[in-house]
Trainee: 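The structure that follows is given in the form of structure tokens.
Numbering of ligands and ligand atoms starts at 1, following listing order. Throughout, numbering of the chain's residues begins at 1 and tracks the sequence.
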Amino acid sequence: MFDVIIAGCGPTGAMLAAELRLHDVRVLVLEKETEPVSFVRANALHIRSIELMAMRGLLDRFIERGRQRPVGGIFAGITKPAPEGLDSAHAYVLGIPQPVIDHLLEEHAIELGAQVRRGCAVAGFEQDDEGVTVELADGEQLRSRYLVGCDGGRSTVRKLLGVGFPGEPSRTETLMGEMEVGVPQEEIAAKVTEIRETNKRFWLRSFGEGVYRVVVPVAGVSDRAEPPTLEDFKQQLRTIAGTDFGVHSPRWLSRFGDATRLAEHYRVGRVLLAGDAAHVHPPAGGQGLNLGVQDAFNLGWKLAAQIRGWAPETLLDTYQAERHPVAEDVLDNTRAQMELLSTEPGPQAVRRLLAELMDFDEVNRYLIEKITAIGIRYDFGEGPDLLGRRLRDIDVKQGHLYGLLHRGRGLLLDRTERLTVGGWSDRVDYLADPTAVLDVPCVLLRPDGHVAWIGDDQQDLDDHLSRWFGMPAN
Ligand SMILES: Cc1cc2nc3c(=O)[nH]c(=O)nc-3n(C[C@H](O)[C@H](O)[C@H](O)COP(=O)(O)OP(=O)(O)OC[C@H]3O[C@@H](n4cnc5c(N)ncnc54)[C@H](O)[C@@H]3O)c2cc1C
């Protein structure tokens with residue numbers, strides 16, 4: 001008997017497993033692939049995800065394997081420098097290929113004690129009042145208290161759950177692969193610049209050691225289960241560029257569409273959905289992996305609280321209440337970006353206009369905060385603007401705030417040095433720090449770093465501790 005079975009060991013499943021392990025939840029991750037996949041989808045982490053890594057002590061590992069670059073050009077590829085003073089201590093893009101992200105997150109989950117079984121596909125399940133019986137493709141049955149489908153866009157769990165997945169099907173398709181080329185770099189650069197004047201979905205970029213990443217849109221959609229061939233790439237390159245650049249020796253070839261869909265429910269009883277299993281959208285702005293990892297970060301401590309027995313009755317349902325609107329917003333901004341990437345004259349004119357508007361600092365800042373997810377504010381009710389937002393990594397007496405959040409517990413940051421977390425001290429840490437850079441007396445942070453309360457009154461604090469962390473231990 002496990003507490004939680006997670007279907008899928010992509011970035012969402014691995015992050016969730018690690019978050020649950022911080023609270024000693026018995027976790028089994030079932031992954032249908034026997035080996036990690038080597039082809040690259042996501043290629044970067046945005047600010048909020050970088051912050052999450054810092055909050056769990058993982059950032060050094062990621063920085064070691066990645067490359068920091070300025071935040072800019074992330075909305076529909078419109079190149080504008082980031083505005084000054086973005087509200088983060090980690091205001092950069094961290095370029096890092098998805099296979100490395102997946103590996104680091106899986107490694108982290110295993111280090112914390114999660115079991116990962118590869119070559120095990122979830123094929124069915126049944127839930128009852130006490131738990132879920134999960135059936136694997138080979139007929140083996142396993143039992144857990146909860147099941148979370150982190151099994152990607154074609155999620156078996158979502159389908160078996162019967163949850164609606166409304167939205168739009170793919171209307172365009174893009175071939176993507178890594179391969180060698182047979183013409184000099186200068187020739188490629190000149191041609192790519194010329195095509196990208198009007199076709200922003202086209203790309204051919206060196207990834208070192210003679211290998212190029214080729215991204216080339218195709219007309220219409222095909223069966224995505226069928227991988228493309230090198231000949232498909234050559235043909236499409238000739239159509240768009242008038243040359244196939246002599247491409248050869250592919251490392252991997254794949255295709256992706258622009259289907260845009262959102263699960264109607266993130267939870268049905270003891271079964272939940274997260275990551276691509278709950279939402280799919282085109283990769284414009286590079287948000288899907290980031291969104292999934294952030295879903296896991298939101299869900300982990302709540303599900304752990306439910307299992308440990310201290311969750312307030314409605315806590316688990318705040319997962320959908322908070323994350324569904326965030327995904328809705330991401331879907332919408334990717335729809336908008338896809339329009340702006342069109343080669344039609346109308347959308348190109350809108351793109352030029354938006355590029356002009358982005359010269360206004362506030363417009364640029366708004367779009368960057370949206371894509372990097374640092375602009376998210378959950379609805380925790382009436383209160384100051386900071387309530388419901390994540391708190392940036394500020395300097396505190398002991399160093400950095402995020403350094404105090406590695407264990408995934410709540411934290412009261414008390415500048416008055418008068419308050420106490422009392423009977424919640426087994427779930428919430430306390431830091432008296434009059435020097436903390438804050439313009440409010442005290443903040444209560446949830447384990448995901450969002451501000452759950454602001455004030456200076458002990459009774460009010462106790463009410464909010466109950467709201468988020470259940471009954472006190474004594
Ligand atoms: C071309 C492209 C570029 C992208 N670029 C970016 C980017 O720059 N930034 C970004 O943030 N996102 C990007 N994305 C999106 C990102 O790749 C996904 O959003 C991310 O991988 C979702 O993670 P996940 O863990 O939810 O799902 P997945 O990564 O799909 O993982 C699901 C896992 O579940 C396993 N699985 C499936 N079915 C079962 C089953 N029945 N039982 C057990 N296991 C199962 C799969 O094998 C897989 O390992 C891009 C996507 C594409 C296609």
Trainee: Looking just at side-chain N and O atoms, do T343 and N199 make a donor-acceptor pair shorter than 3.5 Å?
Mentor: no

Trainee: Quick one: salt bridge (charged side-chain N to carboxylate O under 4.0 Å, His left out) pairs with a partner in residues 126-136, sequence neighbours left out?
Mentor: D128-R143

Trainee: For ligand 1, give me the residues whose heavy-atom distance to it is below 4.0 Å, by chain and number please.
Mentor: G8, G10, P11, T12, L30, E31, K32, E33, R41, A42, N43, Q98, C120, A121, V122, C150, D151, G152, T156, M176, F256, G275, D276, P283, G286, Q287, G288, L289, N290

Trainee: Count the heavy atoms of every other residue, nucleotide or ligand shown that sit under 6.0 Å from CZ of R238, and state whether that count exceeds 12.
Mentor: yes

Trainee: Do K191 and T243 meet the criterion of a side-chain donor-acceptor pair at a distance under 3.5 Å?
Mentor: no

Trainee: Regarding S342 and Q348, do their side chains bring together a donor and an acceptor under 3.5 Å, going by distance alone?
Mentor: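 Note: S342 and Q348 side chains miss the donor-acceptor criterion.
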
Trainee: Can you find a pair of side-chain heavy atoms, one from R365 and one from P83, that are under 4.5 Å apart?
Mentor: yes

